[in-house]
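Notes follow once the structure below has been shown.
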Amino acid sequence: MNYWLMKSEPDDVGIDDLQRMGSVGWYGVRNYQARNFMRDQMQLGDGVLFYHSSCPEPGVAGLAEVSKLAYPDPTQFDPESKYFDPKSTVEAPRWQQVDVRFVAKTRLLALDELRRYSELAGMTILKRGNRLSITPVTPAEWSFIKALLT
DNA sequence: GCCAACGTTGGC
DNA sequence: GCCAACGTTGGC
């Protein structure tokens, strides 16, 4: 059992969209490190902090869980998609996605609030220059954040 | 819209 | 295999 923070742009898929849809395929990851987390380390039931990025109020907006193990991201094969990858083939797909299931919408735990807790100072998301859209969360960080949100 | 940070690409 | 150029991310 692992824990993750996954960034999504609420203009694309926000926590309300996830709640409405129940679960979503986490399409569009085009970074090898993030892909490898999904492909190699995610397990069914892993806890996910659903994070809103590139928006007026960036921060954790809800909780989710991994509901399907990694499988090929269909958008890589779709020439109409902005995530189309001409170098990828169905036989040897380059990009993977998992499904993520809605668990709860929470209050917005804003980025500037996250920065205020010394318990969270080690979080990858808070490190300078971090751009990874999927990052591991330690059990201690997960517990601390869950306590803040419930 | 700016720009720092960082990943990827491609010529050599 | 190096590394400059380029593209993207994402907070501000």
Side-chain angles (χ1 to χ4, degrees), chain A residues 2-21 23-42 46-66 69-138 140-142 144-149:
Chain A
N2 296 308
Y3 302 102
W4 308 94
L5 182 144
M6 299 177 76
K7 296 179 187 173
S8 185
E9 301 188 12
D11 284 351
D12 186 9
V13 181
I15 190 67
D16 292 329
D17 300 307
L18 182 65
Q19 180 164 30
R20 190 171 59 250
M21 292 186 284
S23 73
V24 290
W26 207 267
Y27 62 89
V29 170
R30 294 295 179 268
N31 170 281
Y32 290 105
Q33 203 177 343
R35 178 203 65 182
N36 293 349
F37 284 140
M38 291 196 289
R39 187 189 62 188
D40 303 334
Q41 295 191 40
M42 284 195 183
D46 276 6
V48 173
L49 300 173
F50 191 95
Y51 182 91
H52 284 175
S53 70
S54 294
C55 59
E57 290 189 291
V60 175
L63 303 173
E65 65 184 12
V66 175
L69 296 176
Y71 62 100
D73 175 347
T75 64
Q76 70 194 305
F77 308 124
D78 177 5
E80 300 303 309
S81 170
K82 71 171 186 173
Y83 298 113
F84 177 62
D85 183 349
K87 294 178 183 167
S88 189
T89 64
V90 176
E91 295 72 28
R94 181 177 292 201
W95 304 111
Q96 306 267 116
Q97 64 181 24
V98 295
D99 283 358
V100 166
R101 180 192 296 134
F102 176 82
V103 171
K105 181 177 178 177
T106 63
R107 72 176 177 91
L108 187 87
L109 175 51
L111 179 58
D112 59 0
E113 182 180 350
L114 286 171
R115 291 193 203 281
R116 291 207 288 271
Y117 300 108
S118 60
E119 292 89 341
L120 303 178
M123 285 189 80
T124 311
I125 186 92
L126 302 181
K127 300 234 171 85
R128 180 182 159 84
N130 168 68
R131 298 184 315 170
L132 262 188
S133 61
I134 300 175
T135 51
V137 171
T138 68
E141 291 160 354
W142 174 266
F144 186 81
I145 289 172
K146 264 201 111 172
L148 289 175
L149 293 177

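Naming convention: chains lettered A, B, ... in sequence-line order (proteins, then strands); numbering from 1 in each chain. A quick note: this is a predicted structure, and the numbers were derived from the prediction, not measured.
The separation between A:Leu132 atom CG and B:dA4 atom C1' is 16 Å, rounded to whole Å. Rounded to whole angstrom, the span from the CD atom of A:Glu9 across to the C1' atom of C:dG10 amounts to 8 Å. One can place CG of A:Asp11 at 15 Å from C1' of C:dG11, the figure rounded to the nearest angstrom. If you measure from atom CD1 of A:Ile134 to atom P of C:dT8, you get 19 Å, rounded to the nearest angstrom. Atom CG in A:Asn31 sits roughly 13 Å away from atom P in C:dT8 (whole-Å rounding). Distance A:Leu5 CG to C:dG10 P: 11 Å, rounded to the nearest Å. The distance from atom CG of A:Leu111 to atom C1' of C:dC12 is 11 Å, rounded to the nearest whole Å. The separation between A:Lys127 atom NZ and B:dC6 atom P is 12 Å, rounded to whole Å.
Between A:Tyr71 and A:Asp99, the side chains place a donor N or O and an acceptor N or O closer than 3.5 Å (distance only, hydrogens not considered).
Considering all non-hydrogen atoms of both residues, A:Val29 and A:Ser133 come closest at CG2-OG, 4.3 Å.
For the pair A:Asp112 and A:Arg115, the salt-bridge criterion is not met [side-chain N within less than 4.0 Å of a carboxylate O].
Residue A:Arg115 places its side chain closer to C:dC12 than to any other of C:dG10, C:dC12, B:dG7. When each of B:dC6, C:dG10, C:dC12 is scored by its nearest atom to the side-chain atoms of A:Ser133, the top-ranked nucleotide is C:dG10. Listed nucleotides C:dG11, B:dG10, C:dT9 differ in distance to A:Lys87; the shortest reach to its side chain belongs to B:dG10.
Ring geometry for A:Tyr83 versus A:Tyr27: interplanar angle over 60°, hence perpendicular rather than tilted (30 to 60°).
Distances shown here put a side-chain N or O of A:Lys7 below 4.0 Å from the OP1 or OP2 atom of C:dG10. Using a 4.0 Å cut-off, no side-chain N or O of A:Tyr51 falls inside it from OP1 or OP2 of C:dT9.
In summary, the aromatic rings of A:Trp26 and A:Phe50 are positioned with their centroids under 6.0 Å apart.
Judged by atom type and distance alone, A:Arg30 does not reach the base of C:dT8 through any side-chain donor-acceptor pair under 3.5 Å.
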